[in-house]
Amino acid sequence: MIKVVIADDQELIRESLKIVLGTHDDIQVVGTAGDGFAVLDILARQSVDVVLMDIRMPLMDGVMCTKSIKEQYPQTKIIILTTFDDDDFVFSALKYGASGYLLKGVSMDDLYQAILTVYQGGGMINPDIATKVFSMFSKMTQNNYSIQVDEDLVKDITKPEWRVIQQVACGLSNKEIASKLFLSEGTVRNYLSSILSKLNLRDRTQLAIWAVQNGITTRDFQDE
């Protein structure tokens, strides 16, 4: 059973999502919250697998709440769900450890699949803003936010792992990577786990940033 918390400052949205998600046998909505502090109160009382997080909320917004959750409850996954596709919000939420970023216009089917994906360790970015995110990562080399990896660690990466890294850097989900590289999703998850361990990186967001900064997206790993 996947335990979910819904955070949104609009009660109608909270209750609507609760009703829709409640129709799935493998999801249990264990709480709803109207601001970031209320989310943290819920997490202090019980374990939560996934938080659906609105960006703009009073008292504590979704970005700062994401940062607090990942610091205190690193195993809890966060999907940012918002009507806004502001660059700063996208960057901040992903930088602080969000596993997904979806616009509120997403279908309930896609939202359900996104919850399953991040619960299993994957990432999910709305196609409408995936290009924006990729562009944002590309520009990170021009500011102070960078990911450093010891060159000795890079030598242990295999060719199949490089191909997976390349797709992560392009913003693809585990399912999309599996389809593109003709692998099972389980194999992709295993590759990612191995890659993160070898490079001593925390999550796929750090991996994507590092890969973009080092030009991995433009390399050809087919004939290397």
Side-chain angles (χ1 to χ4, degrees), residues 1-4 26-27 43 47-53 66-67 69-80 90-91 93-102 110 112-126 130 133-134 137 140 145-222 224:
M1 185 69 73
I2 305 173
K3 296 181 179 180
V4 175
D26 52 352
I27 289 182
L43 267 64
S47 63
V48 173
D49 298 309
V50 179
V51 177
L52 296 181
M53 183 84 73
T66 294
K67 182 175 185 294
I69 289 174
K70 298 309 289 187
E71 288 173 350
Q72 300 176 53
Y73 312 99
Q75 298 307 311
T76 298
K77 312 296 185 183
I78 300 168
I79 297 175
I80 300 297
V90 175
F91 169 69
L94 293 175
K95 179 179 71 173
Y96 289 140
S99 298
Y101 198 106
L102 301 176
D110 287 342
Y112 171 65
Q113 290 301 321
I115 291 173
L116 297 184
T117 297
V118 302
Y119 175 70
Q120 295 165 356
M124 183 66 67
I125 298 179
N126 190 290
V133 172
F134 176 69
F137 282 157
M140 284 181 182
Y145 189 77
S146 63
I147 299 294
Q148 301 297 324
V149 171
D150 191 306
E151 284 299 316
D152 289 336
L153 302 180
V154 177
K155 297 174 183 177
D156 292 331
I157 301 298
T158 65
K159 186 190 295 185
E161 288 174 336
W162 278 120
R163 292 171 181 155
V164 170
I165 292 172
Q166 190 172 55
Q167 302 310 315
V168 169
C170 289
L172 272 64
S173 67
N174 285 2
K175 183 176 182 179
E176 291 168 330
I177 295 172
S179 176
K180 187 165 185 176
L181 299 183
F182 304 102
L183 302 169
S184 70
E185 286 189 64
T187 299
V188 173
R189 285 196 296 271
N190 290 338
Y191 274 136
L192 279 172
S193 178
S194 172
I195 291 165
L196 293 176
S197 177
K198 286 180 179 180
L199 298 181
N200 196 26
L201 294 175
R202 185 186 66 223
D203 52 37
R204 69 189 295 131
T205 302
Q206 287 192 340
L207 176 63
I209 294 171
W210 173 78
V212 170
Q213 288 174 335
N214 286 274
I216 305 304
T217 56
T218 59
R219 286 175 57 181
D220 183 1
F221 294 104
Q222 299 304 314
E224 289 189 6

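Heavy atoms only: backbone and side chains are in, while hydrogens, waters and symmetry mates are out. In this chain, residues are counted from 1 in sequence order.
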S.K.: For Tyr191, which residues count as a ring pair (Phe, Tyr, Trp, His ring centres under 6.0 Å) partner, sequence neighbours excluded?
M.R.: none

S.K.: Taking Thr117 for the side chain and Gln113 for the main chain, is one N or O donor matched with an acceptor at less than 3.5 Å?
M.R.: yes

S.K.: Donor-acceptor check, side chain of Asn214 to backbone of Ile216, threshold 3.5 angstrom: yes or no?
M.R.: no

S.K.: Only counting residues at least two apart or in another chain, list the ones meeting side chain to side chain donor-acceptor pair (under 3.5 Å) with Arg204.
M.R.: Asn174

S.K.: Which residues pass the salt bridge (charged side-chain N to carboxylate O under 4.0 Å, His left out) test with Lys3, sequence neighbours left out?
M.R.: none

S.K.: Using modelled atom types and a 3.5 Å cut-off, is there a donor and acceptor pairing between side-chain atoms of Lys77 and backbone atoms of Ser99?
M.R.: no

S.K.: State which residues pass salt bridge (charged side-chain N to carboxylate O under 4.0 Å, His left out) with Glu71; sequence neighbours excluded, sorted by chain then number.
M.R.: Lys67

S.K.: Which residues pass the side chain to side chain donor-acceptor pair (under 3.5 Å) test with Thr158, not counting sequence neighbours?
M.R.: Glu161

S.K.: What is the minimum heavy-atom distance between Asp203 and Gly97, and which atoms define it?
M.R.: OD2-CA, 4.5 Å

S.K.: Is there side-chain contact between Val48 and Tyr73, with at least one heavy-atom pair below 4.5 Å?
M.R.: no

S.K.: Going by the rule side chain to side chain contact (heavy atoms under 4.5 Å, CB included), which residues pair with Tyr119 if we only count those two or more places apart in sequence or in a different chain?
M.R.: Ile2, Asp49, Val50

S.K.: Mind checking whether Gln167 and Val188 have side chains closer than 4.5 Å, heavy atoms only?
M.R.: no

